[in-house]
Undergrad: 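Take a look at this one; I'll ask things after.
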Number of protein chains: 2
Amino acid sequence: MARWEPNARERLVRAAIDLFSEQGYDNTTVIEIAERAGLTKTTFFRHFPNKREVLSTGQEELGQLLREGIAGAPTSTTPLEAVAAGLDAATARFTPAQREFGPRLEAVIAANSDLQERDAFKHTRLVAAMAEALEERGVPDPVTRIAAELGGLAFSRAFTRWTMPANTLTFSELARRTLRELHAATRGLD
Amino acid sequence: MARWEPNARERLVRAAIDLFSEQGYDNTTVIEIAERAGLTKTTFFRHFPNKREVLSTGQEELGQLLREGIAGAPTSTTPLEAVAAGLDAATARFTPAQREFGPRLEAVIAANSDLQERDAFKHTRLVAAMAEALEERGVPDPVTRIAAELGGLAFSRAFTRWTMPANTLTFSELARRTLRELHAATRGLD
DNA sequence: CGAAGTGACGGAACTTGGTCACATCACTTC
DNA sequence: GAAGTGATGTGACCAAGTTCCGTCACTTCG
């Protein structure tokens with residue numbers, strides 16, 4: 001018989017989301033999270049660098065997928081089409097579990113400014129990753145930032161659409177569609 | 001004779017920036033900041049809700065100026081021109097002291113991820129303020145976000161240009177100019 | 001003129017996030 | 001079967017942030 005149950009990290013994430021939903025982020029202690037997962041505070045911090053990060057798993061992987069998707073697009077494609085390729089790569093690995101947790105996550109984040117800060121940082125990191133990948137393709141400076149910003153908007157808007165119960169489309173389909181809508185709206189600026 | 005020296009808040013900000021520049025953000029304690037300002041830890045937390053916020057003074061005021069500037073633009077102006085009016089209002093009240101502190105602030109923020117999170121949040125709050133002000137003017141949904149995002153980019157890029165020693169232009173002039181450049185670059189997306 | 005506010009600060013105890021050194025124990029490997 | 005290995009537990013520790021209470025100059029009002 002094993003001394004420890006497996007999947008300690010996943011148990012911690014689930015316990016954290018449950019407790020945050022039940023009693024709020026500020027009112028739940030790291031010790032509480034660890035104990036509900038059958039572990040201790042020290043073990044929690046072995047799996048996550050801090051309390052916020054328990055909700056931001058797989059962040060660096062997402063940025064890497066965006067970079068690779070943009071770098072792998074054919075050289076003849078436009079900046080925005082390269083961004084679409086990056087979104088394809090990034091959205092492909094999302095699981096049904098992530099779709100299910102989406103609304104609860106958003107509710108918890110919306111209720112706490114610390115988590116909002118963390119979320120804003122995540123978003124800017126993703127945008128920065130896209131901008132850098134575009135720059136390496138030779139896209140000129142202001143265009144990189146704008147295309148990346150549109151990609152970031154498309155990603156987050158598509159995610160909330162994807163997690164809506166009525167939705168039947170793929171995250172990737174929604175991302176491409178949202179990006180097209182944003183591009184079209186560009187002509188409404190003046 | 002007064003019991004306390006005046007300008008406690010300003011003294012705390014200066015002490016914090018000095019100490020952060022000298023020995024880094026993580027390595028300086030709130031007690032150190034307070035003592036250099038001739039105060040105590042308790043008084044520090046009476047002026048600022050937490051350690052990060054000592055570098056983010058006048059944040060809500062900035063958002064309010066953006067809102068008012070956008071709301072006050074003539075009804076016939078385009079979304080992007082309304083954003084330009086908001087930038088006019090927001091950039092007008094920046095002081096030479098803020099220009100002088102700019103590079104040091106950016107250096108301190110660049111060296112610490114906590115401060116980067118806080119900075120990202122500030123940026124998204126400003127963008128959200130612009131988007132909401134545009135929405136109240138009747139601008140349709142995706143256009144509000146894009147125009148606001150361009151406004152946010154223009155603001156931050158213009159700020160770093162403004163603080164460069166070689167610069168002779170006004171922050172407001174730079175903001176309008178940067179916004180025009182971003183708008184022009186929009187046509188390079190495809 | 002004097003006594004009761006008022007407001008800005010100090011002091012100290014307390015909770016919690018986060019770190020660290022060290023011990024423990026199942027499992028593997030040689 | 002003895003020596004790793006790796007994930008965990010224990011407990012002490014530090015700094016951020018909160019809370020309660022006390023202090024003292026200044027103001028206000030009877």
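What you see is a predicted model, and the numbers here were worked out from it, not measured in a lab. Just so we're on the same page: letters track the sequence lines, and every chain starts at 1.
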Undergrad: Who pairs with B/Glu60 by side-chain hydrogen bond (donor to acceptor under 3.5 Å, both in side chains), at least two apart in sequence or on another chain?
TA: none
Undergrad: List the atom pairs, donor and acceptor, that lie under 3.5 Å between side-chain atoms in residues 142-153 of chain A and the rest of the protein, sequence neighbours left out.
TA:
residue	atom	partner	partner atom	Å
A/Thr144	OG1	A/Asp141	O	2.4

Undergrad: Quantified as the angle between the terminal helix axes (five pairs each), what is the overall bend of the helix from C/dC1-D/dG30 to C/dC30-D/dG1 to 10 degrees?
TA: 0°
Undergrad: Check whether any side-chain N or O of A/Asn7 sits under 3.5 Å from a backbone N or O of A/Glu10 as a donor-acceptor pair, and report yes or no.
TA: no
Undergrad: Taking OP1 and OP2 of C/dA8, is either one under 4.0 Å from a side-chain nitrogen or oxygen of B/His47?
TA: no
Undergrad: What one-letter contact string describes nucleotides 14-23 of chain C from 5' to 3', where B marks a base within less than 4.0 Å of any protein heavy atom, S marks contact via sugar-phosphate atoms alone, and - marks no contact?
TA: ---BBBB---
Undergrad: Expressed as a whole number of angstroms, how long is the span from A/Asn7:CG to D/dT8:P?
TA: 10 Å
Undergrad: According to the salt bridge (Lys or Arg N to Asp or Glu O under 4.0 Å) rule, which pairs have a member within residues 95-109 of chain B, sequence neighbours left out?
TA: B/Asp18-B/Arg104
Undergrad: Among pairs that include at least one residue of residues 21-32 of chain A, which meet salt bridge (Lys or Arg N to Asp or Glu O under 4.0 Å), considering only residues two or more places apart or in two chains?
TA: A/Glu22-A/Arg36
Undergrad: Without decimals, in angstroms, what is the distance between B/Glu53 CD and D/dA16 P?
TA: 16 Å
Undergrad: Does C/dG10 have OP1 or OP2 sitting under 4.0 Å from an N or O in the side chain of B/Thr40?
TA: yes
Undergrad: Kindly write out the residues that satisfy side chain to side chain contact (heavy atoms under 4.5 Å, CB included) with B/Glu136, not counting sequence neighbours, or none if the list is empty.
TA: none
Undergrad: In this structure, how many angstroms lie between the P atom of D/dC14 and the CD atom of B/Glu32, rounded?
TA: 15 Å
Undergrad: Under the rule for ring-ring contact (aromatic ring centres under 6.0 Å, His included), what residues qualify as partners of A/Phe48, not counting sequence neighbours?
TA: A/Phe44
Undergrad: Mind calculating the distance between CG (B/Asn112) and P (D/dA16) to the nearest angstrom?
TA: 12 Å
Undergrad: According to ring pair (Phe, Tyr, Trp, His ring centres under 6.0 Å), does anything in residues 170-190 of chain B pair up with another residue at least two apart or in another chain? List the pairs.
TA: B/Phe94-B/Phe171, B/Phe155-B/Phe171, B/Phe159-B/Phe171, B/Trp162-B/Phe171
